[in-house]
Number of protein chains: 2
Amino acid sequence: MLPGWWQESNNLPKRQNVKTVQSIDRAFSLLEEIAREGAGISDLARSVNLPTSTVARLLYTLEDLGAIVRTIDDTTYQIGPALLTMATTVDPTQSLLAVAQPHLLDLVEALGETVGLSIPAGYDVHYIGEADSPHPVQIRDWTGVSLPMHVVPAGLVILSQWPNDAVDRFLDRPLDRFTSKTVIDPEQIRSRLEVARRQGYLWAHEEFSEGINSVAAPLYNNTGVVMGALHSHGPAYRFPDETMEEIIGQRLVQVAASISEALGYHP
Amino acid sequence: MLPGWWQESNNLPKRQNVKTVQSIDRAFSLLEEIAREGAGISDLARSVNLPTSTVARLLYTLEDLGAIVRTIDDTTYQIGPALLTMATTVDPTQSLLAVAQPHLLDLVEALGETVGLSIPAGYDVHYIGEADSPHPVQIRDWTGVSLPMHVVPAGLVILSQWPNDAVDRFLDRPLDRFTSKTVIDPEQIRSRLEVARRQGYLWAHEEFSEGINSVAAPLYNNTGVVMGALHSHGPAYRFPDETMEEIIGQRLVQVAASISEALGYHP
DNA sequence: AGGCACTTCCCGCATTATGGGAATATTGTA
DNA sequence: TACAATATTCCCATAATGCGGGAAGTGCCT
């Protein structure tokens, strides 16, 4: 049976009466259509279901702003410099956070525990942000902290995607122990990486700190490379409900896949 | 003295009577402001000089669309998933073209000769697009064609940014000769790479094809790596005017710098 | 040449965005 | 903890602004 805190992410804690601005809404429908596939005015008018003249005006505005460009053959529109420049201006960490944020919130709502993001930094994982659990009892915010990859699942799932020789170099160093349960034996670590690869997620029980359990799943960018991990953690006394490890893990994998996709990853 | 075709790029061959859509214009001012630096509603209202309530409504719309997100601390806005996803969806070649296009048009207007873009592909340069000269006599469109790097300045300027050992491997192969003027001697090529590095641009005179001269300058992406070249070429009888080689080269470098900057490059 | 489809332009109408201002929330300060 | 200062959210009357039908212009294919 599902514990009380489990709920489908119905999300949308929207404000009350607010109306959105029509023309901006429409402009973004067009942009999304164009991003999906470049097209001319009348094609676009058909696909967003608006009169041609309206679409023409909106596109003219977007073109004027540099958000879209006509391709050299002058017949179809494409996403333009202004938009691309805005996107590249954002520093990659921020952009990962921005892309992931709505998913984090969904997941917090579904799991009832804190959910966070981390990125590799040398042989450490660096926690770049989290969305907090609504629970009154919660784990401190680890944002900004770096930890050795082998003590947290976030690190282990990242490691699990590295090529073998890189893993060998990683393990060919003395590994710190954080709690009595920290796994520091290279062979045991290797077999956990295998588990992570097979399942897509990995659990750790009080290996980094007494009283904290954690799961993680890897995130991929548009070049297919691991670029970080999504994790959730909570106090050991309530997280995870033993019967839920697999379900939670799979949910995490699902959400991680959505984030990767939004980052341009195509499996 | 400047030849007749030389002119400042006054560009903007705008349409006649068209009005842009106010709310979209404003929305993009906000997006640009946010991309430059995340900020809250009232800060943004001040910087774009609009009433707070108006800005609030515009931001709400953008947030609803996922174009912006509130940062985890909930006080400032950031560029959001929808925008970033659109940008990453575009394939990199297309996005380079899109970013560069306005600059290409400016440069064509200034030089009066065809201007194009190419990207490295193994030991070749691949021509991905061009903006044509208005001249009745012009060079054929090379879009889609690949050429060995050593026969065109576009290739040479890319090579000039490679690490030495990569250049060594490149030169340690038999190099094809295309015309009597093609340079295939490794030592001569090395010294031309040096020239390219020093000047920022490089000329070639009928080395790839009789009757064609060409200049190129390298383009850098946000990670600081060469990602292609900007070049211009024209019939040898008129291009370049001998006294103009340096001025044209420097202009090319300028424009290449603008493109690189729009790609996120910071020197 | 003729026809079809796409794009650009015009203009009267009312839908829609606008912004002043009040209410509420949040933050800083004593 | 209370109070002030600032930021955000909400409401609503007003007309400015975006809207879209339709005509004119352009280009393409057969």
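Letters go in sequence order (proteins before strands), and every chain restarts at 1. Bear in mind that the values here come from a model prediction, so they are computed numbers and not experimental data. Side-chain atoms are counted along with the backbone in the values below, which use heavy atoms only and exclude waters and symmetry mates.
The interatomic distance linking A:K19 (NZ) with D:dT17 (P) rounds to 18 Å, in whole Å. Between the CZ atom of B:R46 and the C1' atom of D:dA7 there is a distance of 9 Å, given to the nearest Å. Distance B:R70 CZ to D:dT8 P: 8 Å, rounded to the nearest Å. Between the P atom of C:dT8 and the CG atom of A:L44 lies a distance of 12 Å, rounded to the nearest Å. When the P atom of C:dC9 is taken as reference, atom OH of A:Y60 falls 9 Å away, rounded to whole Å.
Taking only side-chain nitrogens and oxygens, A:T54 comes nearer than 4.0 Å to OP1 or OP2 of D:dG20. In this structure, B:Q22 reaches the C:dT18 phosphate: one of its side-chain N or O atoms is under 4.0 Å from OP1 or OP2. OP1 or OP2 of C:dG19 sits under 4.0 Å from a side-chain N or O of B:R26. For B:S53, no side-chain nitrogen or oxygen approaches OP1 or OP2 of D:dC10 to under 4.0 Å.
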- Where do A:R26 and A:T54 land on the side-chain contact (heavy atoms from CB on, under 4.5 Å) test, with the steps shown first? CA-CA 10 Å; A:R26 292 174 166 185; A:T54 302; 3.9 Å; yes
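The heavy-atom pair separating B:Y60 from A:K19 by the smallest distance is CD2-O, 4.2 Å.
Put simply, the side chain of A:E130 reaches to within 4.5 Å of the side chain of A:H233, judged on heavy atoms.
Between the base of D:dG20 and the side chain of A:R57 there is a donor-acceptor pair shorter than 3.5 Å.
Residue B:S23 is in sugar-phosphate contact alone, with no base atom involved, counting any heavy-atom pair closer than 4.0 Å across all strands shown.
B:H231 and B:Y127 have perpendicular rings, their planes meeting at more than 60° on a 0 to 90° scale where under 30° would count as parallel.
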